[in-house]
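Computed from heavy atoms alone, side chains included, the values below leave out hydrogens, waters and symmetry copies. Because the structure is predicted, anything quoted here is derived from the model rather than measured. Each chain gets a letter, A, B and so on, in the order the sequences are listed, and its residues count up from 1.
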Amino acid sequence: MSDPVATLTRLLQPVFDELVESDAGVGNESADPTVRPSDRADAQINGALPLAKRLGTNPRELAQRVIDSGVLADVAEGVEVAGPGFINVTFSSEFLASELDVVRSADGLGIEPDSREMQVVVDYSAPNVAKEMHVGHLRSTAIGDSLVRMLEAHGHRVTRENHVGDWGTPFGMLIEHLLDLGETEAAEALSLGDLNSFYKDARVAFDASDEFQERSRQRVVLLQAGDPETMRLWEILVDLSAAYFNTVYRKMGVLLTDDDLAGESRYQPLMPDVIERLRAAGLVEESDGADVVFPPGFENRDGDPLPLIVQKGTGGFNYATSDLACIIDRTERIGADLILYVVDAGQSQHFQMVFAVAKMAGWLDDETDAVHVPFGIVLGTDRKRLKTRSGEPVRLVALLDEAVARAEAAVAEKNPDLEPDVRADVARSIGIGAVKYADLSTDRIKDYVFDFDRMLAFEGNTGPYLQYAHARICSIFRREGVDRASVRAASIELVEPQEPALARQILAFPTAVDAALETYSPHKLCTYVYDLATAFSSFYEHCRIKGSPEPIYSSRLALADLTARVLERSLGLLGIDAPEQM
RNA sequence: GCCUCCGUAGCUCAGUUGGAUAGAGCGGUCGCCUCCUAAGCGACAGGCCACAGGUUCGAUUCCUGUCGGAGGCGCCA
């Protein structure tokens, strides 16, 4: 780990251990040095206070003993005891420069693979076949995509699973509507990406005609029986929808492909086995005609035990059964150590119950964990759930297209010299990046306000600001006629105050990724990148590169290059492009 | 009624597993382009961290309660 704050912790841990061991009376529980970034110095060591309490000594004296150990001499140029016993540390420029040398020669820019390589399954996106993707799918897709990228960067094997809704009673209606339209006409309508009207028309036909309803019910029976002709028709719907989803995914620039499709239909054959195994474990009870499992600790509104229904009174299976089948499949076939469900917060109790039952059945344990990664809803500027004027969900593509169009207009205005085809690419990167960044940059558990003006304002904590910082650096090298790779061996000299500040921010990169991954919160990485871009902008204003004498000139170019690499990598982990000009 | 999540500057949000004087951006006021992209930088103003207790040397952070907002609560997915 190249982060100097982490290095400090590593250096100090033996010192704190020694202090604990030297006092027989306090047990051998280790003491955390508690090193934190500080606004009064580069870092502050807080661990002396609680330890002094345990040892019954004066905290300032203890802090002085920590300093007297001498371990800070190699990394710090300023060390002082402050307040009740804090130790303020200012890193030496030489130490920071040597840490930068380590980072810039490493592919991971400081990121290192986890000691335990895990097989992780990430369940995200999950649109419905023959239904339009809307804002609700934006969050799951963007957050899941970023988590996948971060997990892979940490050396884990990641299986993406797109749990599309491709099964269930609505398909009787959809297939009958397909037949009524005629296969070729229906195929044309669906391939245009107009899934909304297809679904709605089917619903209208269903509501208007008893005969249609009856046909639909018959069709569901045929579908569940695996009737070949019905399956063929069903596959048309699935394939056309998947093709449409792919156009959206390509537009968004996420990793999902057809290989990641793991629809509900895939788990249908596994359902009876779920019931059998639950029965064998003695977990199934009969309640009001349904087969259920009562996980402890859940109650309904009357205070009675709340069941997870695994087989309906009609004999059919439901969502819970399917989720349990998924868990079995993912742990036993894929060998998952960890399963992430990037699904809205409203499903929280459902997942808690499913996981509880899976643990009762022994499908999940300490070695194999399942985690619900919940997120809040997208609000309009009126603070209500984002909808169109007519009250319908906003189509995701409409949202993305408008963001790109607005970005294109802004680029045309701010940088009219850009070649038209370059401009289109840049506008796409900016527009999509702005939408994703707005989604990823706040704590996912909270609802957030979707506001084009804000996310595309190109100022403040937005995607475009970050991309701008990166493009600016690329521009420096273009203007100077210097190849970026050529400065990577140059000696780095940190002179002006903005230079060590930028260095410290660069070195904090792996810590930021760790923190984001620890709680599956991409916004922590967003906060980091924003701080990095800010540190660079400040450096750029105060530390002139062009015309500076050597070795300052090369040093600053090296710092700029490294900043750009970390910016690009960080944005990459968020699934956001870093254009070279804008 | 029970459960979960949320409540921080006028607005939108951070706050790194309890640390000193709570930070950004937008909006407001004021500076900075004969100079590498001003899509920028610097400064000022703006706070009872919803409220009340508790634990602690120390609480925006942990616990309890109250108020306010959102969501969930047996055969939809």
Side-chain angles (χ1 to χ4, degrees), chain A residues 5 32 34 36-40 44 46 49-50 52-53 59 82-86 88 126 128 165 167-170 264 287-292 297-314 316 318-320 322-323 344-350 352 374 376-377 379 383 385 410-411 413-415 430 441-443 445-449 451 453-454 457-462 464-465 467-469 471-480 508 511-512 514-516 518-519 523-524 526-528 530-531 534 537-538 540-542 544-548 560 581-582:
Chain A
V5 174
D32 183 358
T34 320
R36 299 283 183 267
S38 169
D39 51 352
R40 310 180 168 226
Q44 55 177 314
N46 302 329
L49 275 81
K53 178 82 176 165
F86 301 105
N88 288 340
N128 292 309
W167 203 254
T169 47
E264 288 163 8
S287 174
D288 294 342
D291 287 331
V292 307
F298 295 90
E299 291 181 351
N300 67 14
R301 65 185 76 209
D302 300 320
D304 299 325
L306 183 66
L308 186 72
I309 294 171
V310 293
Q311 187 156 22
K312 297 189 276 193
T314 59
N318 62 8
Y319 190 33
S322 157
D323 277 337
D344 71 273
Q347 316 271 337
S348 192
Q349 189 185 51
H350 166 76
Q352 280 175 34
I377 62 175
L379 306 172
R383 286 229 136 237
R385 187 185 284 270
V411 173
E413 184 199 324
K414 309 235 182 200
N415 193 354
I430 294 175
S441 60
T442 62
D443 192 350
I445 196 64
K446 296 180 180 174
D447 298 344
Y448 83 97
V449 176
D451 183 350
D453 289 335
R454 198 183 297 275
F458 301 94
E459 51 206 5
N461 188 7
T462 65
Y465 173 83
Q467 291 170 322
Y468 174 65
R472 226 178 183 188
I473 296 172
C474 295
S475 167
I476 295 166
F477 284 89
R478 269 197 307 275
R479 295 289 176 107
E480 292 293 289
T511 305
D514 285 353
E518 184 162 10
T519 54
H523 84 278
K524 293 184 179 176
C526 293
T527 302
Y528 166 79
Y530 178 65
D531 289 341
T534 303
S537 292
S538 186
Y540 180 79
E541 290 289 329
H542 295 97
R544 195 167 172 75
I545 297 172
K546 189 177 183 178
S548 291
Q581 50 183 328
M582 59 189 278

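In plain terms, the two heavy atoms of A:Gly460 and A:Tyr465 that are nearest each other are O-CB, 3.2 Å. A:Asp453 approaches A:Asp451 most closely through the heavy-atom pair N-OD1, 3.0 Å. A:Arg472 approaches A:Ser537 most closely through the heavy-atom pair NH1-OG, 3.9 Å.
Of the nucleotides present, none pairs with B:A22 by Watson-Crick or G-U wobble criteria with both distances under 3.5 Å. Pairing partner, B:G7: B:C67, with both Watson-Crick or wobble hydrogen-bond distances short of 3.5 Å. When both distances must be under 3.5 Å, the Watson-Crick or G-U wobble mate of B:C32 is B:G40.
Taking atom C1' on both nucleotides, B:G68 is separated from B:A52 by 15 Å, rounded to a whole Å. With both ends at atom C1', the span from B:G10 to B:A70 equals 23 Å, rounded to whole Å.
Counting non-hydrogen atoms under 4.0 angstrom, A:Pro374 reaches nothing in the nucleic acid. Across all strands shown, A:Asn88 has heavy atoms under 4.0 Å from base atoms, whether or not it also approaches the sugar-phosphate. Residue A:Ala515 is out of contact with every strand shown, counting any heavy-atom pair closer than 4.0 Å. A:Ala52 comes within 4.0 angstrom of nothing in the nucleic acid, heavy atoms only. When heavy atoms are screened at a 4.0 angstrom cut-off, A:Gln352 is found touching no nucleic acid atom at all. Looking at heavy-atom distances under 4.0 Å, A:Gln44 makes contact with a base. Residue A:Arg544 is in base contact, counting any heavy-atom pair closer than 4.0 Å across all strands shown. As judged by a 4.0 angstrom heavy-atom cut-off over every strand, A:Arg479 is placed among residues touching the sugar-phosphate backbone only. Counting any heavy atom pair closer than 4.0 Å across all strands shown, A:Glu518 reaches no nucleic acid atom. As judged by a 4.0 angstrom heavy-atom cut-off over every strand, A:Leu306 is placed among residues touching the sugar-phosphate backbone only. Among the protein residues, A:Ile309 comes within range of the nucleic acid bases, having at least one heavy atom under 4.0 Å from a base atom. As judged by a 4.0 angstrom heavy-atom cut-off over every strand, A:Gly346 is placed among residues touching the sugar-phosphate backbone only.
Summarising the geometry, atom CZ belonging to A:Arg478 is positioned 4.5 Å from atom CD belonging to A:Gln581; distances are rounded to the nearest 0.5 Å.
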Pairs: protein N or O with nucleotides 9-13 of chain B N or O, under 3.5 Å:
unit_1 : atom_1 : unit_2   : atom_2 : d
B:U12  : OP1    : A:Arg383 : NE     : 3.2
B:C13  : OP2    : A:Arg383 : NH2    : 3.2

Between protein and nucleotides 38-46 of chain B, what N or O pairs are separated by less than 3.5 Å?
unit_1 : atom_1 : unit_2   : atom_2 : d
B:A38  : OP2    : A:Arg472 : NH2    : 2.6
B:A39  : O3'    : A:Phe458 : O      : 2.9
B:A39  : N6     : A:Met582 : O      : 3.4
B:G40  : OP1    : A:Phe458 : O      : 3.3
B:G40  : O2'    : A:Arg472 : NH1    : 3.2
B:G40  : O2'    : A:Arg472 : NH2    : 3.3
B:G40  : O2'    : A:Glu541 : OE2    : 3.2
B:C41  : OP1    : A:Tyr465 : OH     : 2.8
B:G42  : OP1    : A:Ser538 : OG     : 3.3

Between protein and nucleic acid, restricted to nucleotides 54-61 of chain B and to nitrogen or oxygen atoms under 3.5 Å apart, what atom pairs and distances do you find?
unit_1 : atom_1 : unit_2  : atom_2 : d
B:C57  : OP1    : A:Lys53 : NZ     : 2.0

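More than 90° away from 0 lies the glycosidic angle of B:C32, which makes this nucleotide anti.
Note on A:His350: every side-chain N or O is 4.0 Å or more away from OP1 and OP2 of B:C73. Phosphate proximity of B:U37 to A:Ser475: present, with a side-chain N or O under 4.0 Å from OP1 or OP2.
The backbone N or O of A:Ile309 lies less than 3.5 Å from a partner atom in the side chain of A:Asn318, making a donor-acceptor pair. Listed for the A:Asp447 side chain is a donor-acceptor partner under 3.5 Å among the backbone atoms of A:Ile377. Within the 3.5 Å criterion, the main-chain N or O of A:Met582 finds a donor-acceptor partner in the side chain of A:Asn415.
By the neighbour-count criterion of 12 heavy atoms within 6.0 Å, atom CZ of A:Arg385 is sparsely surrounded, having that number or fewer from other residues, nucleotides or ligands.
For the pair A:Arg454 and A:Val449, the minimum side-chain heavy-atom distance is 4.5 Å or more. With contacts defined as side-chain heavy-atom distances shorter than 4.5 Å, the pair A:Arg36/A:Val5 does not qualify.
Between the side chains of A:Tyr530 and A:Ser441, no donor-acceptor pair is found at a separation under 3.5 Å.
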